[in-house]
Novice: 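Just passing along the structure, written as structure tokens.
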Amino acid sequence: MSKPTPLSGFPEWLPPQRAIEQYVVDRIRSTFELYGFAPLETRAVEPLDQLLRKGETSKEVYVLRRLQAAEDASDESLGLHFDLTVPFARYVLENAGKLTFPFRRYQIQKVWRGERPQEGRYREFLQADIDIVDRDTLPFHYEAEIPLVIGDALGALPIPQIRIQVNNRKVCEGFYRGLGLTDPEAALRAVDKLDKIGPDKVAELLIETAGATDSQAKACLRLAEISAPDTSFDAAVRALGVEHPLLDEGLDELVRVMEAAAEHAPGLCVAELKIARGLDYYTGTVYETQLVGFERFGSICSGGRYDNLASTGNERFPGVGISIGVSRLLGLLFGADALSVSRPVPTCVLVALPTEEQRAACDRTAAALRRRGIATEVSPSAAKYGKQIRFAERRGIPYVWFPGSDGAHDTVKDIRSGDQVDADAATWTPPAADLRQQVTGG
RNA sequence: GUGGCUGUAGCUCAAUGGUAGAGCGCCAGGUUGUGGCCCUGGAUACGCCGGUUCAACUCCGGCCAGUCACCCCA
């Protein structure tokens, strides 16, 4: 068999990176649970028609095909989910009778997208998603809670500080309508490109695709320029002189999100009126998250309010949610050398093996340490002690345990300092910092 | 999915149209009470496939992978 090669867009980490990923997921998970989000997992596949309800994303979906399937089975075809929100919406509809509302859940799962990979962009990647849905109507205050959860979840990690950029679709849509534009969606798509192509090109686009006049395009740009770390955006928008009921509603909501953030997490959120979000199902607050100092990475966590994603003929389950791009976040930080782990393996203690005959005794020592939660392995062979120490050193195992011979005490050596002391496997405990792998920034 | 750039040992990098070296790392041995220094020796690479050529790692094409832009978005 020839040497296997990597698959584009399907990253596989080495053990140290995987250790970091698990640590990060554990922390995120515990924060989500602290806010009362219930764990959930949905299947990896959805019927294709369910997945495509979201819009023109068909090209991104990996279709599942049975090798022996008849060719005419296409209308039953399945696709791998490309996010966790759409499957969740389906799940809510399916289980509405068994759930109690408002329902809040988290899901940390792989998703798949058939896109061209590059740094921080993969075809298979991990997302950590929270959503809150309610029946018929969803109180607005959840839109203010979501950023606080994320602030806690990501703030508890050894990663750069985050900044959540917040906007509200109603502000944009109301403003565009108040301005007299008839195709707010097109205007939104044009404004969304502001950072990429600049104001002049956006103005052209607004005129071409959204049917804006020159002065309407300029007004859209003036709205998009507004950015504030507090509620001062409200006055700035009103100063533009556009009136519309939806605009008032949106501004009011955005003010409340910013007020809640100011009280519970000062500096976390910034109102950024150019944030649009590509997905068309958002109807209210939208979020995008940057790492401070790593803005070039783009958004590592985004979401928003959706009113119509989970609805059948007569039932409606409006929701709000956000998703942390765990793989993207980690891939980018790994690339920037901004995350590291204290050792590549969990092992804290290596029990040295004097002779192969003493393996059983060494296994007992290891078992005694493990019983007290100390990750331990026994040396692979009874090589010279120098080699056994090197074995530990290579792996970053901090302690080597030496069985005492002829009734002498066992000893344990910290191979970083060289300190070696008498020790008893029933009582010895390493310093807390050495007990487990430690994840640190930088 | 479209286009650009890149692809030499585990890592960072050399050299050359006539089949490749260094540093670090790795392995073995020596020294060492139980390693880290030092000494000696060793293994490992031209991403893959094809074409041009007497001869290709070096030129050309395709593929794969990485990266960047578009697209889209975590």
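Only this structure's heavy atoms are used, side chains among them; waters, hydrogens and symmetry mates stay out.
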Novice: For A:G298, which contact category applies under a 4.0 Å heavy-atom criterion: base, sugar-phosphate, or nothing?
Specialist: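 Touches nothing.
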
Novice: Which of these nucleotides, B:rU34, B:rG1, B:rA65, is closest to any side-chain atom of A:S8?
Specialist: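 In terms of side-chain proximity for A:S8, the closest of B:rU34, B:rG1, B:rA65 is B:rA65.
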
Novice: State, without any angle test, whether A:E377 and A:T347 hold a side-chain donor-acceptor pair at a distance under 3.5 Å.
Specialist: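 Note: A:E377 and A:T347 side chains meet the donor-acceptor criterion.
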
Novice: Could you check whether A:I300 gets within reach of a base, just the sugar-phosphate, or nothing at all, counting any heavy atom under 4.0 Å?
Specialist: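 If one applies the 4.0 Å heavy-atom cut-off, A:I300 turns out to touch the sugar-phosphate alone, with no base involved.
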
Novice: What's the gap between B:rG61 and B:rG7 when it is taken at their P atoms, as a whole Å value?
Specialist: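 Result for the P pair: 15 Å, nearest Å.
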
Novice: Is a donor-acceptor contact shorter than 3.5 angstrom present between the side chain of A:R121 and the base of B:rC72?
Specialist: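 For A:R121, whose side chain was compared with the base of B:rC72, there is a donor-acceptor pair (under 3.5 Å).
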
Novice: With a non-hydrogen cut-off below 4.0 angstrom, is A:Q420 in contact with a base, only sugar-phosphate, or nothing?
Specialist: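 Answer is base: heavy atoms of A:Q420 come under 4.0 Å of a base.
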
Novice: Could you work out which one of B:rC71, B:rG1, B:rG29 sits closest to the side chain of A:K387?
Specialist: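 That would be B:rG29.
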
Novice: Considering only atom P, compute the distance from B:rA65 to B:rC48 and round it to an integer number of Å.
Specialist: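 Comparing P positions in B:rA65 and B:rC48 gives a spacing of 15 Å.
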
Novice: 5'-most contact on RNA chain B: A:S323 or A:G9, nearest heavy atom basis?
Specialist: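 Comparing both residues, the 5'-ward one is A:G9.
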
Novice: One pair to check against side chain to side chain donor-acceptor pair (under 3.5 Å): A:R116 and A:Q118. What are the steps and the verdict?
Specialist: CA-CA 7 Å; A:R116 182 74 135 233; A:Q118 48 187 276; over 6 Å; no

Novice: In this structure, is the centre-to-centre distance between the rings of A:F402 and A:Y385 below 6.0 Å?
Specialist: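 Yes, close enough.
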
Novice: Which part of the nucleic acid does A:F402 contact within heavy-atom distance under 4.0 Å: base, sugar-phosphate only, or nothing?
Specialist: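 It contacts base atoms.
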
Novice: Nearest to the side chain of A:R116, heavy atoms from C-beta on, is which of B:rA65, B:rA74, B:rU2?
Specialist: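 Comparing B:rA65, B:rA74, B:rU2 against the side chain of A:R116, the answer is B:rU2.
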
Novice: In Watson-Crick or G-U wobble terms, both distances under 3.5 Å, what is the partner of B:rA65?
Specialist: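 Across any shown strand, B:rA65 pairs with B:rU6.
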
Novice: Quote, to the nearest angstrom, the P distance that separates B:rA45 from B:rG62.
Specialist: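 Approximately 28 Å lies between the P atom of B:rA45 and that of B:rG62.
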
Novice: One thing to verify: whether A:K193 and A:D195 come together as a salt bridge, which I'm taking to mean a side-chain N less than 4.0 angstrom from a carboxylate O.
Specialist: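 No, this pair does not count.
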
Novice: Quick check on the 6.0 Å ring-centre criterion: do A:W13 and A:F334 meet it?
Specialist: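 So the answer is yes for these two rings.
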
Novice: Partner lookup for B:rG1, please. Criteria are Watson-Crick or G-U wobble with both distances under 3.5 angstrom; report none if nothing qualifies.
Specialist: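 Answer to the pairing question: B:rC70, which forms a Watson-Crick or G-U pair with B:rG1.
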
Novice: Is there a donor-acceptor pair closer than 3.5 Å between any side-chain N or O of A:D410 and the backbone N or O of A:G404?
Specialist: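 Checking the backbone N and O of A:G404 against the side chain of A:D410, a donor-acceptor pair under 3.5 Å is found.
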
Novice: Taking atom P of B:rG1 as reference, at what distance in whole Å does atom CZ of A:R113 sit?
Specialist: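 Nearest whole value for this atom pair: 17 Å.
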
Novice: In Watson-Crick or G-U wobble terms, both distances under 3.5 Å, what is the partner of B:rA15?
Specialist: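 Here B:rA15 is not engaged in any pair, so there is no nucleotide opposite it.
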
Novice: Heavy atoms under 4.0 Å, any strand shown: does A:K193 hit a base, just sugar-phosphate, or nothing?
Specialist: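 Counting heavy atoms under 4.0 Å across all strands, the contact made by A:K193 is with sugar-phosphate only.
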
Novice: Is there a side-chain contact between A:S299 and the phosphate of B:rA74, meaning an N or O under 4.0 Å from OP1 or OP2?
Specialist: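 A:S299 to B:rA74 OP1/OP2: no side-chain N or O under 4.0 Å.
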
Novice: Taking atom P in both B:rG47 and B:rA56, compute the distance separating them and give it to the nearest angstrom.
Specialist: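 Roughly 16 Å separates the two P atoms.
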
Novice: Classify the nucleic acid contact of A:R394 as base, sugar-phosphate or nothing, counting any heavy atom under 4.0 Å across all strands shown.
Specialist: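 Sugar-phosphate, backbone atoms only, no base.
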
Novice: State whether A:E272 and A:K274 are salt-bridged, where the test is any N-O pair (Lys NZ or Arg NE/NH1/NH2 against Asp/Glu carboxylate O) under 4.0 Å.
Specialist: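 Answer for the salt bridge query: yes.
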
Novice: Taking CG from A:D414 and C1' from B:rG36, how many angstroms apart are they, rounded to a whole number?
Specialist: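 After rounding, the reported distance stands at 13 Å.
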
Novice: Take atom P in B:rG4 and the same atom in B:rA14, then report the distance between them in whole Å.
Specialist: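 The answer is 25 Å between these two P atoms.
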
Novice: Choosing from B:rG3, B:rA74, B:rU34, which nucleotide comes nearest the side chain of A:Q127?
Specialist: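 Among B:rG3, B:rA74, B:rU34, the one nearest the side chain of A:Q127 is B:rA74.
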
Novice: For the C1' atoms, the ones on B:rG18 and on B:rC57, what distance do you get once it is rounded to whole angstrom?
Specialist: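 B:rG18 and B:rC57 have their C1' atoms separated by 12 Å.
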
Novice: Closer to the 5' end of RNA chain B via nearest nucleotide, is it A:G303 or A:R296?
Specialist: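 Its nearest nucleotide lies further toward 5', so the answer is A:R296.
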
Novice: Quote, to the nearest angstrom, the C1' distance that separates B:rA15 from B:rG33.
Specialist: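 Comparing C1' positions in B:rA15 and B:rG33 gives a spacing of 47 Å.
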
Novice: Whether A:Q388 contacts B:rG35 is assessed here as follows: a side-chain N or O lying under 4.0 Å from the phosphate OP1 or OP2. Is that the case?
Specialist: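 It does not, given that no N or O in the side chain of A:Q388 lies less than 4.0 Å from OP1 or OP2 of B:rG35.
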
Novice: Which nucleotide, B:rC70, B:rG66, B:rC68, lies nearest any side-chain atom of A:E119?
Specialist: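 Nearest nucleotide to the side chain: B:rC68.
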
Novice: Report the base-pairing partner of B:rC57 (Watson-Crick or G-U wobble, both distances below 3.5 angstrom), or none.
Specialist: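 Paired with B:rC57, as far as the under-3.5 Å criterion goes, is no nucleotide at all.
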
Novice: Only pairs with both distances under 3.5 Å count, Watson-Crick or wobble alike; so what is the partner of B:rC26 in this structure?
Specialist: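 Pairing partner: B:rG42.
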
Novice: What integer number of Å spans the C1' atoms of B:rC5 and B:rA20?
Specialist: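 Going atom to atom, C1' in each nucleotide, I get 25 Å.
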
Novice: Which part of the nucleic acid, if any, lies within reach of A:E393 when heavy atoms closer than 4.0 Å are counted: base, sugar-phosphate only, or nothing?
Specialist: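 The residue A:E393 makes base contact.
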
